[in-house]
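Heads up: the structure comes next, in structure tokens.
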Amino acid sequence: MVALVPQENMVALVSRTGRHMQRYSKGRRQVVGCIPYRYKTSKQTPSKHDAPELEVLVITSQKGKGLLFPKGGWEIDESKEGAASRETLEEAGVRGLIEGELGKWIFKSKSHDAYYDGYMFPLLVQEQLDFWPEKNLRRRIWMSAQEAREVCQHWWMKEALDGLVNRLTSQQQNQDQELDHVLKARRENLMACM
């Protein structure tokens with residue numbers, strides 16, 4: 001029996017390689033990456049008062065000597081977001097919604113005597129694949145943002161993570177304030193009707 005798989009669910013099991021299509025600016029290689037994240041409730045039987053817990057996905061480096069977020073070269077035939085999404089799929093095997101850029105960092109490569117421009121994006125994970133191009137080269141590990149900050153091997157990725165946590169915290173505080181405002185207005189309307 002043959003099962004048909006929708007094309008959007010197909011993943012090429014080969015990563016892009018080589019640097020002939022890489023973008024450079026002022027002599028610096030352009031790299032992009034994502035901080036994949038999700039929310040998990042901390043209890044097995046969550047109640048409406050439980051705050052969801054932020055988890056981020058880190059991967060092992062290709063040589064297995066450290067943990068980091070997925071990143072790689074931004075190629076001339078891609079948008080920044082498209083390249084970040086591709087690298088995250090190739091290296092971590094996840095797909096999701098790319099959100100607004102967290103920033104740009106200039107850093108020196110650990111393996112090459114060169115400076116790079118690095119751009120990072122949050123990626124709200126919607127799908128975790130069982131098979132992906134670098135499955136046999138890397139491990140992926142979900143952990144708290146604090147744990148990831150402690151184990152991440154790149155200072156600039158730690159700064160990007162701090163930016164993501166601050167952004168998400170600020171969004172939650174704004175939502176809480178809006179809810180408080182709505183509830184206060186409803187109470188005042190009820191009191192006026194009595």
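Numbering of residues begins at 1 and proceeds along the displayed sequence. Every heavy atom of this structure was used, including side-chain atoms; hydrogens, water molecules and symmetry mates were not.
In this structure the side chain of F69 reaches within 4.5 angstrom of the side chain of P36, judged on heavy atoms. When side chains are defined from C-beta on, Q146 does not count as touching V165, because their heavy atoms never get closer than 4.5 Å. At least one side-chain heavy atom of Y37 sits less than 4.5 Å from a side-chain heavy atom of L168. Inter-residue side-chain proximity for Q22 and Q30 is flagged as unmet; no heavy-atom pair is nearer than 4.5 Å. Contact annotation: the side chain of M21 never approaches that of E78 to less than 4.5 Å [non-hydrogen atoms, C-beta and beyond]. For the pair Y116/R28, no side-chain contact is recorded, criterion being any heavy-atom separation below 4.5 Å from C-beta on.
Taking hydrophobic clusters as Ile, Leu, Val, Met, Phe, Trp and Tyr residues chained together by side-chain heavy-atom distances below 4.5 Å, Y39 shares a cluster with M143. Residues V32 and L102 fall into different hydrophobic clusters, defined by Ile, Leu, Val, Met, Phe, Trp and Tyr side chains chained together at heavy-atom separations under 4.5 Å. Taking hydrophobic clusters as Ile, Leu, Val, Met, Phe, Trp and Tyr residues chained together by side-chain heavy-atom distances below 4.5 Å, V56 shares a cluster with V151. Both W156 and L67 are part of a single hydrophobic cluster, where members link through side-chain heavy atoms under 4.5 Å apart. L57 and L129 fall into different hydrophobic clusters, where Ile, Leu, Val, Met, Phe, Trp and Tyr side chains are chained together by heavy-atom contacts under 4.5 Å.
The closest donor-acceptor contact from the side chain of T88 to the backbone of A84 lies under 3.5 Å. Remark: side-chain polar atoms of R38 are not paired, donor with acceptor, to backbone N or O of V125 under 3.5 angstrom. At least one donor-acceptor pair closer than 3.5 Å links the side chain of R23 to the backbone N or O of E75.
Rounding to the nearest 0.5 Å places CD1 of I59 at 11.5 Å from CZ of R139. With rounding to the nearest 0.5 angstrom, the SG atom of C34 is 11.0 Å from the CZ atom of R86. Note: H154 NE2 to L68 CG = 5.0 Å, rounded to the nearest 0.5 Å. With rounding to the nearest 0.5 angstrom, the CZ atom of R149 is 7.0 Å from the CG atom of L161. If you take CD on Q128 and CG on D130, they are separated by 8.0 Å, rounding to the nearest 0.5 Å. Rounded to the nearest 0.5 Å, atoms CD1 (I35) and NZ (K158) are 12.5 Å apart.
Every salt bridge (charged side-chain N to carboxylate O under 4.0 Å, His left out) that K80 has, sequence neighbours left out, goes to E101. A search for salt bridge (charged side-chain N to carboxylate O under 4.0 Å, His left out) contacts involving K108 returns D113, not counting sequence neighbours.
Of all heavy-atom pairs spanning I98 and E81, the tightest one is CD1-O, 3.5 Å. In this structure, T60 and L137 approach most closely via the heavy-atom pair OG1-O, 4.3 Å. Taking each heavy atom of P122 and R167 in turn, the nearest pair found is CG-NH1, 3.6 Å. A pairwise comparison of heavy atoms in M157 and C152 identifies CB-SG, 3.6 Å as the closest pair. Nearest heavy atom pair, residue E159 against residue W105, reads OE1-NE1, 2.8 Å. Minimum interatomic distance between R29 and G72 (heavy atoms only, all atoms of both residues): NH2-C, 4.4 Å.
In this structure, Y115 shares a hydrophobic cluster with I106, the cluster being traced through Ile, Leu, Val, Met, Phe, Trp and Tyr side chains under 4.5 angstrom apart.
Ring geometry, Y119 versus W74: the interplanar angle exceeds 60°, so the pair is classed perpendicular (tilted spans 30 to 60°).
The pair K71-E87 does not count as a salt bridge, with every side-chain nitrogen at least 4.0 angstrom from each carboxylate oxygen.
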